[in-house]
Amino acid sequence: MEVIYHKKQLQDYIERQKEMGKKIGFAPTMGALHQGHISLYQKAREENDLVIASIFVNPTQFNNAEDLKKYPRNIEKDISILEKSKWVDMVYIPQVEDIYPENTISKHYDFGGIELAMEGASRPGHFDGVGTVVEELFRQVQPDNAYFGEKDFQQLAIIKKLTQLLNLPIKIHGVPIFREKNGLAMSSRNERLSVESREKASIIHTALVQAKDWFSEFSIEEISEKVAALIASQKNMKLEYFVVADETSLQTTTTKNTSQKYRAFIVVIVDGVRLIDTMEM
Ligand code: PAF
């Protein structure tokens with residue numbers, strides 16, 4: 001596996017691969033890699049000639065300086081995980097100036113409303129930051145296919161919209177959530193949890209499974225109250241939000257219509273760590 005640290009080196013590499021007619025599969029990450037990331041590369045391996053990873057902790061998508069500071073970083077370990085997986089041909093680890101040559105600021109995008117609820121409401125500017133870094137990485141890596149986890153379902157929708165807005169010839173693929181044995185969605189942030197916190201955080205998945213069970217019988221308002229009560233019953237856990245949204249428009253709703261598909265979105269702070277999860281209802 002090759003490791004590339006600079007944009008110029010990457011440009012030469014991509015030019016060579018394109019000349020050979022290679023089909024490129026790409027999944028960008030912010031590191032602290034886990035099995036969920038590896039499942040993206042496994043999928044990319046099945047569908048492409050060349051698989052590229054990237055690791056870049058993108059400052060513009062953090063609306064909280066403390067969160068950025070605490071984001072887990074371990075490049076050596078990440079490189080070794082990718083190498084051992086055998087799915088990846090090259091990992092790009094750009095420097096800040098390779099992505100932001102002038103100022104480290106976001107562009108502004110109009111995603112047509114899908115950016116407004118949930119993470120967009122809770123983390124102002126977050127999706128502009130994600131859009132900016134993903135646009136830049138897409139322009140540099142020029143993949144044919146790109147892979148993103150469904151855990152960040154709203155992000156996945158934003159990236160599909162971004163490629164459409166920019167008219168980029170890239171197919172975006174969602175990859176199912178990879179869960180720990182106890183149901184907890186795999187996330188880089190789980191690294192910040194103690195063994196006990198990881199165990200009790202499985203209640204987030206339990207809450208979603210329960211919500212799905214309750215969905216045909218109870219109103220969305222009643223389900224939200226039940227989920228809030230379940231999370232409130234746990235020590236050192238705070239529910240940031242639990243909402244149900246239309247799966248396509250990503251507008252939150254309190255009413256149900258049998259012809260529409262719905263998805264629940266939840267964010268819980270467990271011992272100070274912000275964890276996100278989602279499930280179709
Ligand atoms: O999901 C992530 O890890 C990040 O938001 C992404 C897509 C790599 C952009 O920084």
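In each ligand, atom 1 is the first atom listed, and ligand 1 is the first ligand listed. Keep in mind that what you see is a predicted model, and the values were worked out from it rather than measured.
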Point to revise | side chain to side chain donor-acceptor pair (under 3.5 Å) against Asp98, all qualifying residues, sequence neighbours excluded | key: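 Listed in chain order: nothing, the list is empty.
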Point to revise | Pairs satisfying side-chain hydrogen bond (donor to acceptor under 3.5 Å, both in side chains), at least one member in residues 107-121, at least two apart | key: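 As it turns out, the side-chain hydrogen bond (donor to acceptor under 3.5 Å, both in side chains) pairs with a partner in residues 107-121, which skip direct neighbours, are Lys107-Glu135, His108-Asp128, Tyr109-Glu135, Glu119-Tyr241, Glu119-Arg274.
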Review point. What pairs of residues pass the side-chain hydrogen bond (donor to acceptor under 3.5 Å, both in side chains) test when at least one of them lies in residues 9-26, not counting sequence neighbours?
Key: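 Found Lys8-Asp12.
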Exercise for review: Looking only at non-hydrogen atoms, find the nearest pair between Arg45 and Asp49 and report the distance.
Suggested key: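 Answer, listing the atom of Arg45 first, then Asp49: NH2-O, 3.0 Å.
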Exercise for review: Give a yes or no on this: more than 12 heavy atoms of other residues, nucleotides or ligands lie within 6.0 Å of atom CD of Gln95.
Suggested key: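 Enclosed: over 12 neighbouring heavy atoms sit under 6.0 Å from CD of Gln95.
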List, for ligand 1, each N/O atom that has a protein N/O partner under 3.5 Å away, with both atom names and the distance.
unit_1: ligand 1; atom_1: 1 (O); unit_2: Gln155; atom_2: NE2; d: 2.8
unit_1: ligand 1; atom_1: 5 (O); unit_2: Gln61; atom_2: NE2; d: 2.8
unit_1: ligand 1; atom_1: 5 (O); unit_2: Gln155; atom_2: OE1; d: 2.7
unit_1: ligand 1; atom_1: 10 (O); unit_2: Gln61; atom_2: OE1; d: 2.6

Practice item. Say whether Asn58 and Tyr100, considering side chains only, have a donor N or O and an acceptor N or O under 3.5 Å apart. Key: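 Judged by distance alone, the side chains do pair up.
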